[in-house]
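Reminder, nothing fancy here: chain letters follow the sequence lines and each chain counts from 1. In this text, all values refer to a predicted model and were calculated from it rather than measured experimentally.
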Amino acid sequence: MRVLFLHCDLLEYEVREKALPSAEDLPPEKRRGRIEDALVCFISAEHEDEGDPEGIAREAVRNIEDVAQQVKATRVAIYPYAHLSSSLASSGPAKRIFGLIEERLGKTQFEVLASPFGYYKSFTVRVKGHPLSELSREIHPAGAAAREEASEAVKAEQKLVSEWFIVEPSGALHPLRLDGGMVAGFDFAGHENLRKFASYEMAKSREAKEEPPHARLMRELELVDYEPGSDPGNLRFYAKGRLVKGLLEEFVTRRMIEYGAMEVESPVMYDFEHPALQSYLNRFPARQYIVQTPNKKAFLRFSACFGQFLIAHDMVISYKQLPLSLYELTRYSFRAEQRGELAALRRLRAFTMPDCHALCADLGQAKEQLMVRFEVAWKLLEDTGFRMPEDFEVGMRVTKEFYEGNMEFVNAYARRWGRPLLMEQWSHQFFYYVFKYEWNFVDANLKAAALTTDQIDTENAKRFGITYTDAEGKERHPYILHLSPSGAIERVMYALLEKAAFDIDAGTPPMLPTWLAPVQVRLIPVSKDQLPHCEKLLAEFSGVRADLDDLGDSLNKSVRRAEKEWIPYIAVVGKKEVESGSLTVRVRSTKEQKSMRPAEVMENIARDTEGRPFRPLPLPIRLSKRPTFRG
RNA sequence: GCCACCGUAGCUCAGCCGGUAGAGCGGCGGUUUUGUAAACCGCAGGUCGGGAGUUCGAGCCUCUCCGGUGGCUCCA
């Protein structure tokens, strides 16, 4: 922030026209102003100030008080003046900063005149001209000392008191406490993962130190890799990885449409100045990617919320149409996570997020609909290849008030889940929701990552002006549910790979579910004499992802290669098989080696993949034609 | 963002006290034509992550930037 201090006999201004379209209309008394014998402060808010409006405003006021004291001024004028800096703050944050300065100065003994922000003004100043009457200062955002004073929002969060419980399927409640770093208050026997999850959440325990296994696997399997040419947390997907991701995307989307959601598509970037977005944004100023468009500054979306809320804002909705769901799969959502927080596929800066918002007439309908979506998500994860509910641990977050008023709902949820779950109870509502749940995957390094999540949002309908008309013809704000049925697609891949890593440790062959296996069947001729026969067989495997190892290596080597690729059905074709018309197949899931006819293999795959999307092999069918993406 | 560790051939890694770079796999050429997790021989392949510094001389020491991992903070 830059400030030019002028100790003046007189300041007089008159508003001419708006300089910013978003500037608010002014009451007549604000359109002109005059102050005599005052310290006039011309101020430019700069880009670097955006991260901490509270802090910079506090510093500004401190400086103003300081200078005013020196020149013995009792009156102060604040004059937003863009021309002191070449690195201006965006107008949203700037406006907020000026508001805060005015508010804080108002609490001092000074008489304050604040000229409006966002307008062209004509003005007159007459500077006193004594040695101290002209002075400029640069004020930088909170140094270490200033940062200790938390912003209002952070203070509110700090006041937030969390209580932790285990809720059993019976509804029995067990208050948890930390006892020497260990979670106590519940017998976790038989619920080892829940203990790990509770300890991750409550004690912030980080027990392991290795790289997560999936980070290595994703590269070894030629699925996904880091991209040093981009920004951290923006990954590259090779052909096989794109296939897996594409299939998951299709599956989730199909299930959401079957559920009844209306798929929409919204922009990836939004205008900083858009009034509906500002209050939402200002609370989390440092999290976005900023992009400079030809004529404005925009931010990249960090979820599908805005896009869908802005659509919902313009929709005409009757209570008869509720509940009503909008769905979008964002490719991508962007969050400028701190460097140290990124972790391969678990935590990214650019990720693919299915997001489904349901507008509900009232709390009753919201609770009912939440459980409908619970079933959709449960089935989706189960059909993807997870064990439900064993692969996940529920984190449920509620306000105390919600819990006490809706105990039956919480208990019904716990009964449906069928296993004990972790509940965090907040003393008061700090976030926009009163109820939220996540299904967390606990990985080999004992880290928890949320996949499925749904929330009951009581605030954003008001904030974004989303309304429906009720039976009496009155406009009402709906409750909004925020469901991500699977969580980020990359995170689903992470969980599947981490699950496979558990199998490696347990000594069972790791694999992806057959419907996601990049190659489902590999044909390996014992010698090149069987190649023509294999070529013919390929035609029989239409509708599955089959390929042919025609590299001419030894059988041992070819089998090893196929095993390392986690191929579920490896079919060896030698002299015997050509004569009998059968295949000798290694079935990965059962470790069996048995003689099967091609039709049987097809039936097995059809059974494994029933109801899931299919995509053809996105690679050359003959290995001799296939490049390696990495060594 | 802070602290620590790491970055050498496409991949996985070795490289001593600072003296000018090595293996295996993969690729290419040849021999072999194989019955269920790596046949054999040969060849090519390196700004030692980028930049700056110290030094007669830097993969090795110093600074800085980039990338990765772990911890902290964070996760709307």
Side-chain angles (χ1 to χ4, degrees), chain A residues 51 144 147 153-154 157 200-201 204-212 215-216 219-220 222 225-235 279-288 301-303 305-306 333 335-344 346-349 351 353 395 397 430-433 436 438 440 445 447-450 453 455 457 459-460 482 487-488 491 509 522 524-531 549 551-567 570-578 583-588 591-594 627-631:
Chain A
R147 223 173 264 139
V154 173
E157 192 170 7
Y200 179 85
E201 289 283 322
K204 309 280 178 204
S205 117
R206 306 290 184 264
E207 298 177 28
K209 301 188 167 169
E210 295 106 53
E211 176 175 82
R216 173 179 279 260
R219 281 176 290 168
E220 277 179 6
E222 291 197 319
D225 213 335
Y226 300 109
E227 177 50 82
S230 181
D231 195 49
N234 288 254
L235 303 185
S279 65
Y280 203 54
L281 272 173
N282 282 343
R283 267 174 61 185
F284 305 98
R287 288 271 148 194
Q288 294 87 39
R301 65 175 169 200
F302 46 83
S303 73
C305 294
F306 321 114
S333 287
R335 297 185 189 183
E337 306 290 11
Q338 296 175 65
R339 273 301 306 277
E341 295 162 4
L342 299 170
R346 175 154 51 78
R347 190 100 180 264
L348 297 167
R349 282 188 179 172
F351 55 96
M353 191 75 171
R397 330 270 165 174
F430 172 69
F431 300 106
Y432 55 76
Y433 49 85
K436 168 193 182 184
E438 319 117 24
N440 293 278
N445 287 358
K447 301 223 176 181
T453 177
Q455 306 162 356
D457 172 353
E459 284 185 358
N460 280 312
H482 295 236
R491 204 170 258 196
R522 164 136 324 148
I524 302 178
V526 171
S527 81
K528 69 180 175 200
D529 296 339
Q530 290 86 38
L531 264 176
D549 188 338
L551 290 173
D553 289 315
S554 69
L555 180 62
N556 278 316
K557 189 161 181 176
S558 296
V559 168
R560 178 180 151 86
R561 179 158 46 227
E563 292 285 359
K564 284 183 71 178
E565 289 179 47
W566 299 6
I567 296 171
I570 301 170
V572 172
V573 180
K575 228 170 166 177
K576 280 184 299 190
E577 286 78 11
V578 174
L583 303 164
T584 303
V585 181
R586 274 183 168 226
V587 182
R588 189 173 183 83
K591 299 192 199 175
E592 291 172 286
Q593 183 175 315
K594 58 181 179 182
T628 46
F629 281 97
R630 66 194 312 276

(message) Considering every strand and a 4.0 Å limit on heavy-atom distances, what is the contact class for A:Ala344: base, sugar-phosphate, or nothing?
(response) sugar-phosphate

Side-chain N or O of [X] less than 4.0 angstrom from OP1 or OP2 on [N]?
{"X": "A:Tyr226", "N": "B:rU69", "answer": "yes"}
{"X": "A:Arg586", "N": "B:rA37", "answer": "yes"}
{"X": "A:Arg339", "N": "B:rG67", "answer": "yes"}
{"X": "A:Lys564", "N": "B:rG26", "answer": "no"}

Taking the [atom1] atom of each, how far is [N] from [M], in whole Å?
{"N": "B:rC43", "M": "B:rG1", "atom1": "P", "result": "48 Å"}
{"N": "B:rG45", "M": "B:rA9", "atom1": "P", "result": "15 Å"}
{"N": "B:rA39", "M": "B:rC25", "atom1": "P", "result": "10 Å"}

(request) Spell out yes or no: do the side chain of A:Arg347 and the base of B:rC74 have one donor N/O and one acceptor N/O closer than 3.5 Å? (result) yes

(message) With hydrogens left out and only the distance checked, is there a donor-acceptor pair under 3.5 Å joining A:Glu341's side chain and the base of B:rU73?
(response) yes

(message) Just to verify, what does A:Pro509 make a side chain to side chain contact (heavy atoms under 4.5 Å, CB included) with, not counting sequence neighbours?
(response) A:Arg588, A:Lys591

(message) Ignoring hydrogens and geometry beyond distance, is a side-chain donor-acceptor pair present between A:Gln455 and A:Asp457 at under 3.5 Å?
(response) no

(message) Is a donor from one side chain sitting under 3.5 angstrom from an acceptor on the other, for A:Thr584 and A:Glu577?
(response)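 There is such a pair (donor and acceptor under 3.5 Å, judged by atom type) between the side chains of A:Thr584 and A:Glu577.
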
(message) Quick check on B:rC17: syn or anti? Syn means the glycosidic torsion is within 90 degrees of zero.
(response) syn

(request) Look at the side chain of A:Arg216 and decide which nucleotide, out of B:rU36, B:rC13, B:rU69, has an atom nearest to it. (result) B:rC13

(request) Would you mind telling me which of B:rA76, B:rU12, B:rC74 lies closest to the side-chain atoms of A:Gln455? (result)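 Ranking B:rA76, B:rU12, B:rC74 by closest atom to the A:Gln455 side chain puts B:rA76 first.
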
Provide a list of protein-nucleic acid N or O atom pairs under 3.5 angstrom, restricted to nucleotides 27-35 of chain B.
residue	atom	partner	partner atom	Å
B:rU34	O4	A:Gly552	O	2.7
B:rG35	O6	A:Lys575	N	2.7
B:rG35	O6	A:Lys576	N	3.0
B:rG35	N1	A:Glu577	OE1	2.8
B:rG35	N2	A:Glu577	OE1	3.2
B:rG35	N2	A:Glu577	OE2	2.4

(message) Once side-chain hydrogen bond (donor to acceptor under 3.5 Å, both in side chains) is applied, do any residues pair with A:Arg522, and if so which ones, sequence neighbours excluded?
(response) A:Asp547, A:Glu565

(request) With sequence neighbours excluded, tell me which residues meet side-chain hydrogen bond (donor to acceptor under 3.5 Å, both in side chains) with A:Arg630. (result)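 Residues passing side-chain hydrogen bond (donor to acceptor under 3.5 Å, both in side chains) with A:Arg630: A:Asp225.
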
(request) Specify whether A:Tyr433 and A:Phe431 have parallel, tilted or perpendicular ring planes, treating 30° as the upper limit for parallel and 60° as the lower limit for perpendicular. (result)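 Answer is parallel, since the angle falls under 30°.
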
Rounding to a whole Å, what distance do you find between [X]:[atom1] and [N]:[atom2]?
{"X": "A:Glu227", "N": "B:rC66", "atom1": "CD", "atom2": "P", "answer": "17 Å"}
{"X": "A:Glu210", "N": "B:rG68", "atom1": "CD", "atom2": "P", "answer": "20 Å"}
{"X": "A:Glu201", "N": "B:rC74", "atom1": "CD", "atom2": "P", "answer": "13 Å"}
{"X": "A:Arg349", "N": "B:rG67", "atom1": "CZ", "atom2": "C1'", "answer": "12 Å"}
{"X": "A:Gln338", "N": "B:rC2", "atom1": "CD", "atom2": "P", "answer": "10 Å"}

Short heteroatom pairs, N/O only, protein and nucleotides 4-10 of chain B, under 3.5 Å:
residue	atom	partner	partner atom	Å
B:rG10	O2'	A:Gly631	N	3.0

(request) State whether A:Arg347 and A:Glu341 are salt-bridged, where the test is any N-O pair (Lys NZ or Arg NE/NH1/NH2 against Asp/Glu carboxylate O) under 4.0 Å. (result)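 Yes.
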
(message) Under 3.5 Å for both pairing distances: what stems, at least three Watson-Crick or G-U pairs long, include RNA chain B?
(response) B:1-7 with B:66-72, B:10-13 with B:22-25, B:27-31 with B:39-43, B:49-53 with B:61-65

(message) Treating A:Arg349 as the side-chain partner and A:Glu337 as the backbone partner, does any N or O pair qualify as donor plus acceptor under 3.5 Å?
(response)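 Pair found, side chain donor or acceptor close to backbone of A:Glu337.
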
